[in-house]
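What follows is a short report on a single structure.
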Amino acid sequence: MSKFDIETIGNNLLKAEGHFEFHLLDILHSKNITKYALSKITNIRYDTICNYCSGKVTLINTEYLRIFCYVLDCEISDIIKYIPD
């Protein structure tokens, strides 16, 4: 199916193939920083950090991504990648 063929899902949203991969945990390991330490440094809830590390994010917060990039001195593409199916 071409991506230009109209196919929608709930609320008439366009159905998009692909998924996101999160690599925050890899970055933390490479910088020897724990999830708990990142939570304390950023004031982002520990549970939220765990969700970004495990890829169980349901709503991506761009402010959190900006903070992660700043604190971890990395690019957003180091943290999150779009993988087409």
Check: Would a hydrophobic clustering, with Ile, Leu, Val, Met, Phe, Trp and Tyr connected at side-chain separations under 4.5 Å, put Leu24 with Tyr46?
Finding: no

Note to self: For residues Leu65 and Leu25: do they belong to one hydrophobic cluster (side chain heavy atoms under 4.5 Å, members Ile, Leu, Val, Met, Phe, Trp, Tyr)?
What the structure shows: no

Enumerate donor-acceptor pairs with a distance under 3.5 Å from any side-chain N or O in residues 27-38 to protein atoms, sequence neighbours excluded.
{"from": "Ser30", "atom 1": "OG", "to": "Ile27", "atom 2": "O", "distance (Å)": "2.8"}
{"from": "Lys31", "atom 1": "NZ", "to": "Leu72", "atom 2": "O", "distance (Å)": "3.0"}
{"from": "Thr34", "atom 1": "OG1", "to": "Ala37", "atom 2": "N", "distance (Å)": "2.9"}

Check: What distance separates Cys69 SG from Glu75 CD, expressed to the nearest 0.5 Å?
Finding: 6.5 Å

Notebook entry, point to check: Counting only heavy atoms not in Lys40, do more than 12 fall under 6.0 Å of its NZ?
Noted result: no

Margin query: Let's go through Thr48 and Asn61 carefully: what are the C-alpha distance in whole Å and the side-chain angles of both, what is the deciding distance for side chain to side chain contact (heavy atoms under 4.5 Å, CB included) to 0.1 Å, and is it a yes or a no?
Written below: CA-CA 10 Å; Thr48 300; Asn61 185 319; over 6 Å; no

Margin query: How long is the straight-line distance from OG1 of Thr62 back to CD1 of Ile80, given to the nearest 0.5 Å?
Written below: 11.0 Å

Margin query: Using a 6.0 Å cut-off, check whether atom OH of Tyr70 has over 12 heavy atoms from anything other than its own residue.
Written below: no

Check: Hey, what do you get for CG (Asp47) to NZ (Lys56), rounding to the nearest 0.5 Å?
Finding: 11.5 Å

Next item on the list: Test side chain to side chain contact (heavy atoms under 4.5 Å, CB included) on Phe68 and Ile44 and set out the steps.
Entry: CA-CA 10 Å; Phe68 294 153; Ile44 297 172; 3.7 Å; yes

Notebook entry, point to check: In terms of side-chain heavy atoms, does His23 have a donor or acceptor partner in Asp78 at a distance below 3.5 Å?
Noted result: no

Notebook entry, point to check: Do the side chains of Tyr82 and Val57 join up, straight or via other hydrophobic residues, at under 4.5 Å, putting them in one cluster?
Noted result: yes

